[in-house]
Amino acid sequence: MTQEELFRNLIAHSKEYGFIFPSSEVYDGLSAVYDYGQLGSELKNNIKKYWWDSMVKVHENIVGIDSAIFMHPKIWEASGHVGAFNDPLIDNKDSKKRYRADVLLEDYIAKIEEKINKEVEKGRKKFGEAFDEEQFRATNPNVLRSKAKADAVRQKMADALNANDLVALKDLIVECEIACPISGTKNWTDVRQFNLMFSTQLGSVSDESGTIYLRPETAQGIFVNFLNVQKTGRMKVPFGIAQIGKAFRNEIVARQFIFRMREFEQMEMQFFVRPGEELKWFAKWKETRLAWHKALGMGDKKYRYHDHEKLAHYANAATDIEFEFPFGFKELEGIHSRTDFDLGQHQKFSGRKMQYFDPETNESYVPYVIETSIGLDRMFLSVLSAAYCEEKLENGETRVVLRIPPVLAPVKLAVLPLVKKDGLPEVAHKIMHDLKYDFNCQYDEKDSIGKRYRRQDAIGTPFCITIDHQTLEDNQVTIRYRDTMTQERIPIDKVRSIIEEKVSFKDLFMQLEK
Ligand code: ATP
């Protein structure tokens, strides 16, 4: 099965089992907007908790806030979003499809990289045991030629974007002979800039002065509350402010399911540090955030850093943590060293001081900022795509299983009486009652036990407890593990501790603190 087919199945599966629905589906949906269903909301809440607690609970010097979506319009002038939150767009005149010029070029580079990887795999097959990948990449003429080509396009693109040179961007698309994936033609319009902010009117008067924006990022709500939090929380630099909330961007090309949406949720943390110490903290957060992802156990190879060639004018270091989605490695999280740009701009635009008095150095300064910014929906997609598995069983059947890390699984435990009679449902209900305050549990007595196990596999429930006739005599139940499908008999009073050990965030956090 190709990755594309697998991705299609995953999208269908997440709708069929109540994870994600297209928004306004009875009206044929709304482009790039999605609703989370009953299980999706649980998974999303668990991801939020993992992130929030890892920031706010684990770190004594990080606190969380919840600022409003609507903000004073001057904020977006100060932050640069009114003037420069643009994407370069280009249309294909034949298909009438709209693209981001930089994304067309990135896809082109990704294709060259794919070619290089194929060449490496060919080499591996040819040389067998003796294959030295590093040497092969450094010497094979085909690889070197492709690499030089990719590097050249990447450099030209970075130069054009940095210089805001839209003509050069178009020339590069023409030079690379990039064709529209729909029409197959190279009949392109010029590249234009397109502002991604949604605007609306505040109050009943619809004139320029009432225009406000739906926030395109949560970070500015943190910056403008910097002093409120610092003072009321008696925070000392270095300290962080975290926030989870909705953001809105009128994306030119919204595609790839919940990867790029027009309404989405961000989890951002701004860490305020002494000027001059920012690169040390940048390195620290880069490492901490990757470890947070890897601790979930979805496969270390699925993550990589992508250091930015194109730095925004206010940043002095930036990297993305990329995840291997079914459509390739793409940005999951950004980590940026933003200098004193944001606080400095708000100081300038608001006329209020955004300074911190450092009792250790007896100096006042505008702190520098390291930002970690992750899309909750992208994180959701990374979990779902790493978890989704269509597995051939020994008996020839196929099972679809979501191998969601147990701490994040929407339902932790299914309680299943073997039959609907003989007092088994009563025992099952009692177990449910004892455990439902600790874990999200599901009771199911319908259909054969095999079918019920499949249903739980499909939603990623890590444990199933089966109550049978023997339970009435020995107070033991059968616990079945989702991933291995192995089963064992355990006393009823051990169920809580076995599950607790596997689904508690505590172990993950302690592992991260080491
Ligand atoms: P991209 O290059 O993919 O457009 P970006 O660099 O503009 O992303 P940031 O502004 O750094 O993204 O936003 C931080 C995070 O917010 C991203 O790493 C991503 O996880 C998430 N994010 C950004 N835009 C969207 C979107 N349209 N839909 C879902 N998540 C998004």
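In listed order, ligands and their atoms are each counted from 1.
- Nearest to atom 17 (C) of ligand 1 among the protein's heavy atoms is E331 OE2, 3.3 Å.
- Less than 4.0 angstrom separates some heavy atom of E333 from each of these atoms of ligand 1: 18 (O).
- Aromatic ring centres of F327 and F325: separated by under 6.0 Å.
- The aromatic rings of Y99 and W188 sit perpendicular to each other, their planes meeting at more than 60°, with 30° as the lower class boundary.
- For the pair K330 and D107, the salt-bridge criterion is met [side-chain N within less than 4.0 Å of a carboxylate O].
- Proximity to S373 (heavy-atom distance under 4.0 Å) selects the following atoms of ligand 1: 13 (O), 14 (C), 15 (C), 18 (O).
- R289 forms no cation-pi arrangement with W285, by the criterion of a distance under 6.0 Å to the ring centre and an angle within 45° of the ring axis.
- Comparing E371, M379, H308, E251 by heavy-atom distance to atom 27 (N) of ligand 1, the nearest is E251.
- Nearest residue to atom 20 (O) of ligand 1 from L196, L332, I252, N250 is L332 (criterion: closest heavy atom).
- If you number the atoms of ligand 1 from 1 as listed, the ones under 4.0 Å from a heavy atom of F259 come out as 28 (N), 29 (C), 30 (N).
- Proximity annotation for atom 16 (O) of ligand 1: of E322, R100, R262, Q266, Q266 comes nearest, heavy atoms only.
- Taking any N or O of G375, backbone or side chain, at least one lies under 3.5 Å from an N or O belonging to ligand 1.
- Of the polar atoms of R260, at least one N or O is found under 3.5 Å from an N or O of ligand 1, judged by distance alone.
- Using a cutoff of 4.0 Å between basic side-chain nitrogens and carboxylate oxygens, K97 and D91 are not scored as salt-bridged.
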